[in-house]
Asker: 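Below is one structure. I have some questions about it.
All values below were derived from every heavy atom in this structure, side-chain atoms included, with hydrogens, water molecules and symmetry-related copies excluded. Per chain, numbering begins at 1; letters A, B, ... match sequence-line order.
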Protein chains: 4
Amino acid sequence: MPISVDKVAKRQDIIRCAADVFSRTGYHATKIQEIANAAGIGKGTVYEYFRTKEELFLAVYDAWMSAYEAVIESRVAAATDPISKVDAIRDSAVEFYQSRAEQAPLLLEFWAHALRTSNPAFLARVNRTRHFLRDLGADLARQLVEAGWFADMDAAAFAQLETGISDGIFLAWVLEQRSFPLDKAYTFRQSMIGLGLLTPEARLALGDRLAGKLKRGF
Amino acid sequence: MPISVDKVAKRQDIIRCAADVFSRTGYHATKIQEIANAAGIGKGTVYEYFRTKEELFLAVYDAWMSAYEAVIESRVAAATDPISKVDAIRDSAVEFYQSRAEQAPLLLEFWAHALRTSNPAFLARVNRTRHFLRDLGADLARQLVEAGWFADMDAAAFAQLETGISDGIFLAWVLEQRSFPLDKAYTFRQSMIGLGLLTPEARLALGDRLAGKLKRGF
Amino acid sequence: MPISVDKVAKRQDIIRCAADVFSRTGYHATKIQEIANAAGIGKGTVYEYFRTKEELFLAVYDAWMSAYEAVIESRVAAATDPISKVDAIRDSAVEFYQSRAEQAPLLLEFWAHALRTSNPAFLARVNRTRHFLRDLGADLARQLVEAGWFADMDAAAFAQLETGISDGIFLAWVLEQRSFPLDKAYTFRQSMIGLGLLTPEARLALGDRLAGKLKRGF
Amino acid sequence: MPISVDKVAKRQDIIRCAADVFSRTGYHATKIQEIANAAGIGKGTVYEYFRTKEELFLAVYDAWMSAYEAVIESRVAAATDPISKVDAIRDSAVEFYQSRAEQAPLLLEFWAHALRTSNPAFLARVNRTRHFLRDLGADLARQLVEAGWFADMDAAAFAQLETGISDGIFLAWVLEQRSFPLDKAYTFRQSMIGLGLLTPEARLALGDRLAGKLKRGF
DNA sequence: AATGAATGAGGTTTCATTCAT
DNA sequence: AATGAATGAAACCTCATTCAT
């Protein structure tokens with residue numbers, strides 16, 4: 001017997017409401033009762049869909065990151081060449097992070113929790129997205145090397161670093177209370193990376209434009 | 001009437017013990033009683049030195065970051081030219097982060113808390129170190145530009161980004177369970193940045209060495 | 001959705017048990033756990049019915065005084081003439097106070113708390129009963145004046161004073177460890193008042209009997 | 001070796017300060033530290049003069065009531081005839097209560113505590129003043145009977161009742177937030193009592209004046 | 001399936017009192 | 001004599017989770 005559509009829809013509804021409340025109040029300060037209120041259901045009903053508060057927390061994070069991955073996947077698929085694929089990833093990241101600005105503390109709480117809990121599912125979920133991005137980035141980096149845009153390098157290492165850097169910029173943006181434009185910061189970084197990795201030939205073509213961006217700042 | 005040396009020493013002792021327990025157990029799961037036990041004092045005594053658990057949390061973070069800043073300051077002062085000053089910062093960061101690997105979740109919790117609490121002292125403390133690093137970085141970047149190593153650029157923007165990137169690499173290292181050597185990752189990143197920013201003349205001198213590091217990965 | 005009968009009954013049950021424990025131990029020394037034990041429920045359950053210990057305290061007092069008012073109301077309604085109405089009030093008071101002898105310290109604590117707390121509901125509740133008694137007394141006093149029993153006087157002032165005097169006698173009785181019969185004391189006082197207020201004509205009819213009571217004491 | 005004057009003076013100073021703080025904050029909410037602050041001494045010093053907080057509470061009450069008794073004693077001694085002695089008591093009571101209006105909740109707390117504690121000194125102290133007033137009142141009542149002003153009656157019972165009534169009026173005054181003039185209320189009551197107790201002869205002389213007061217109210 | 005009444009472990013903070021200096 | 005640092009018992013209230021209906 002398949003799980004009814006209703007059941008799935010309701011589950012997602014709870015996740016959506018929980019995301020709201022968790023984001024606003026934080027994981028620890030959020031009471032299941034508040035989530036139930038937000039979802040317009042009884043407190044006990046939440047437990048029909050999620051065994052524990054922790055499981056619901058994981059579901060919220062999973063929903064966010066799955067959506068993020070899906071967006072990137074479709075945008076990258078729609079782009080035709082490696083360079084516009086890279087741009088698609090960057091744009092998706094900026095949009096995702098900007099739309100998640102209010103949820104930033106919760107992301108930190110989730111990461112902290114993932115590092116803390118004995119339940120390996122948390123860290124696994126965090127790294128699923130990291131690896132998705134890393135593999136995608138490495139693949140594109142290799143293509144750019146092959147296409148003669150980038151000089152030869154360790155694409156896997158590069159991509160792994162990039163994934164962390166992306167989170168770091170987001171973190172800075174949030175901690176500094178969004179006092180600088182996130183998209184400009186990403187472009188700035190991309191220019192710097194670009195200048196560092198371009199082959200001499202590519203530098204002739206693109207170097208000036210990238211250098212100009214670095215001069216302009218954000 | 002000056003606060004006695006004993007009082008100050010005991011306060012620091014409590015901070016040290018609290019740092020241990022908080023790191024191991026996490027801010028929320030830590031009970032004041034456990035900190036008191038670790039410090040070999042009564043629970044009430046903790047409250048003679050810190051008004052609330054939150055204040056103690058702040059004191060722990062402050063102690064860490066103040067020590068970090070002091071280390072950087074002295075190392076940078078000891079270095080004689082801009083390039084070795086940059087290396088001093090990088091080495092200090094790597095050492096700090098490596099020594100704080102076990103404390104990483106607590107740093108995340110602190111950041112999350114800083115973004116959540118209405119007490120502005122938390123975010124202020126976070127950003128004090130950020131600004132310290134940013135200003136230091138911007139100053140050095142300007143010197144490198146003037147010395148002809150780096151092409152002209154927005155040094156403030158560059159330094160601000162770098163500060164975030166540094167945290168991001170640490171975050172990646174921790175979330176991926178320290179599966180790569182942190183120092184190598186930092187060197188990799190420095191090479192990439194270097195290649196991007198070098199003047200054509202400097203590239204002639206250093207480019208090959210940096211490109212080699214990128215090829216080798218970490 | 002009406003609150004279920006069960007909920008109301010349980011609430012009253014908690015009030016009853018709380019009244020017992022509060023009376024025995026005093027407001028401050030009483031632990032919610034003890035009330036829960038007395039009611040045969042969990043500590044948390046108490047908080048399902050009362051937001052705070054203070055609110056429960058108010059509920060206990062309210063229950064007592066509401067019952068007191070109800071008794072007086074019904075007895076006064078049952079009496080046919082002003083004089084027997086006055087007697088009904090006096091008898092009700094004596095019975096109430098005698099049945100509340102063990103609770104006297106708690107009444108004092110409640111009054112003290114009412115004067116202390118910023119929550120105006122406490123003093124309001126205290127004065128609700130006072131005004132009920134005052135208005136009733138003033139009404140009857142006026143009737144007795146009109147009927148020619150009492151000489152003319154300020155009935156409102158008289159009734160207000162009487163209400164306080166009644167509490168004062170109770171207080172004396174309690175502080176002196178009930179070393180005199182409360183009912184006799186009330187009768188004594190009533191005789192004294194009577195003698196003071198009677199019209200000359202009424203005094204001819206009743207004076208001797210009242211004077212005899214004063215001679216006899218209590 | 002006699003206790004030094006300094007020691008006695010300091011003890012009284014602490015009592016004075018404790019009276020202030022207790023009155024303002026209430027017995028339970030008052031911290032020894034606050035009393036020490038008010039007295040400009042160290043917390044530990046309080047314990048050099050009083051074994052416990054409870055003992056200090058008793059000392060405060062004792063100081064108040066002893067002063068009250070002393071005032072009455074001297075005023076009564078200064079009055080020459082029974083009627084002006086009665087007036088002296090009434091005036092002293094009104095003045096005492098008016099000056100103690102702010103302290104009323106603490107008096108209630110003290111009475112409640114006296115009824116609650118196993119330490120008999122509390123109730124004993126309360127009743128020492130009661131008996132002082134009762135004996136004084138009974139004595140004067142007997143004199144008034146003998147002088148032909150009052151009809152014969154049980155003077156001891158009368159005086160005992162009067163003592164309670166006096167507290168009751170004060171209680172009413174305080175609970176009703178001093179919404180009526182205390183001195184007028186006392187005069188009103190005295191008139192009522194007078195009218196009740198006067199001999200027929202005395203009534204001829206004084207009755208109209210007293211009846212007029214009852215008509216005027218307060 | 002949905003609910004919400006019941007629970008009790010848990011945790012921060014307070015504060016009277018002690019006692020070494 | 002005076003102090004204040006140290007203590008730990010105490011108690012309110014919260015809230016995740018359970019389970020009978």
Side-chain angles (χ1 to χ4, degrees), chain A residues 3-4 6-7 10 27-37 39-57, chain B residues 1 3-4 6-7 10-11 14 28-37 39-56, chain C residues 1 3-4 6-7 10-11 14 28-37 39-56, chain D residues 4 6-7 10 27-37 39-56:
Chain A
I3 293 168
S4 82
D6 271 5
K7 195 116 210 231
K10 193 159 189 176
Y27 176 64
H28 283 99
T30 292
K31 302 163 213 171
I32 293 290
Q33 179 68 72
E34 289 172 327
I35 293 171
N37 291 347
I41 59 176
K43 187 175 24 159
T45 310
V46 175
Y47 284 87
E48 293 293 319
Y49 293 83
F50 302 93
R51 248 198 310 277
T52 62
K53 189 185 180 186
E54 202 191 19
E55 189 181 306
L56 179 51
F57 189 26
Chain B
M1 194 166 40
I3 294 166
S4 82
D6 273 6
K7 269 227 127 172
K10 191 156 192 176
R11 194 186 144 92
I14 295 174
H28 282 99
T30 293
K31 303 162 214 168
I32 293 291
Q33 180 67 70
E34 290 170 334
I35 293 172
N37 290 347
I41 58 176
K43 192 180 9 166
T45 309
V46 174
Y47 284 88
E48 291 288 320
Y49 292 82
F50 302 92
R51 252 197 307 278
T52 62
K53 189 185 180 185
E54 202 191 20
E55 189 180 305
L56 180 51
Chain C
M1 193 166 43
I3 293 167
S4 82
D6 272 5
K7 268 227 127 172
K10 191 156 191 175
R11 197 186 141 92
I14 295 174
H28 283 99
T30 293
K31 302 162 217 170
I32 293 291
Q33 180 67 71
E34 290 171 334
I35 293 172
N37 290 347
I41 60 177
K43 191 183 8 167
T45 309
V46 174
Y47 285 90
E48 291 288 319
Y49 292 83
F50 302 93
R51 252 198 308 278
T52 62
K53 189 185 179 185
E54 203 191 19
E55 189 180 306
L56 180 51
Chain D
S4 82
D6 271 5
K7 194 115 210 233
K10 193 159 187 176
Y27 176 65
H28 283 99
T30 292
K31 303 162 212 171
I32 293 290
Q33 180 68 72
E34 289 173 328
I35 293 171
N37 290 347
I41 59 176
K43 188 176 22 160
T45 309
V46 174
Y47 284 87
E48 293 291 319
Y49 293 83
F50 301 93
R51 249 198 308 277
T52 63
K53 189 185 181 185
E54 203 191 19
E55 189 181 305
L56 180 51

Asker: Using the side chain to side chain contact (heavy atoms under 4.5 Å, CB included) rule, pick out the option among D/E34, D/H28, D/Q33 that qualifies with D/T30.
Answerer: D/E34

Asker: Figure out the CD/C1' separation between B/E48 and F/dT3, and round it to whole Å.
Answerer: 13 Å

Asker: Taking 4.0 Å as the cut-off, does a side-chain nitrogen or oxygen of A/K10 come that near to OP1 or OP2 on E/dA2?
Answerer: yes

Asker: Excluding sequence neighbours, so at least two apart, what forms side-chain contact (heavy atoms from CB on, under 4.5 Å) with A/Y49?
Answerer: A/K7, A/K10, A/R11, A/I14, A/T45

Asker: C/I41 has an atom CD1; how far is it from atom P of E/dG4, in whole Å?
Answerer: 20 Å

Asker: Whole-Å distance between F/dG4 P and B/R11 CZ?
Answerer: 19 Å

Asker: Take atom CD of D/E34 and atom C1' of E/dA16, then tell me their distance rounded to the nearest Å.
Answerer: 13 Å

Asker: Counting only side-chain N and O atoms of C/K7, is one of them less than 4.0 Å from OP1 or OP2 of E/dG4?
Answerer: no

Asker: Rounded off to whole Å, could you give me the CD1-to-C1' distance for the C/I35 and E/dG8 pair?
Answerer: 17 Å

Asker: Can you give the dot-bracket line for DNA chain E, where a pair is Watson-Crick or G-U wobble with both atom distances under 3.5 Å, crossing pairs use [ ], and | marks a partner on another strand?
Answerer: .||||||||||||||||||||

Asker: Any N/O pairs under 3.5 Å between the protein and nucleotides 10-14 of chain E? List them or say none.
Answerer:
from, atom 1, to, atom 2, distance (Å)
E/dG10, O6, C/K43, NZ, 2.6
E/dT12, OP1, B/T30, O, 3.1
E/dT12, OP1, B/K53, NZ, 2.7
E/dT12, OP2, B/I32, N, 3.3
E/dT13, OP2, B/Y47, OH, 2.9
E/dT13, OP2, B/K53, N, 3.1
E/dT13, O4, B/K43, NZ, 3.1

Asker: Can you see which heavy atom on D/Y47 is nearest to which on D/I32, and at what distance?
Answerer: OH-CG1, 3.6 Å

Asker: Could you tell me how far apart D/L56 (CG) and E/dT17 (P) are, to the nearest whole angstrom?
Answerer: 10 Å

Asker: Step by step, work out the side chain to side chain contact (heavy atoms under 4.5 Å, CB included) result for C/K53 and C/L56.
Answerer: CA-CA 5 Å; C/K53 189 185 179 185; C/L56 180 51; 5.6 Å; no

Asker: How would you label the contact of C/Y49 with the nucleic acid (heavy atoms, under 4.0 Å): base, sugar-phosphate, or nothing?
Answerer: sugar-phosphate

Asker: Between D/N37 (CG) and F/dG4 (P), how many Å, whole number?
Answerer: 10 Å

Asker: Nearest 0.5 Å, what's the NZ-CG distance between C/K43 and C/N37?
Answerer: 10.0 Å

Asker: What is the distance, to the nearest angstrom, from the CD1 atom on B/I14 to the C1' atom on F/dA6?
Answerer: 11 Å

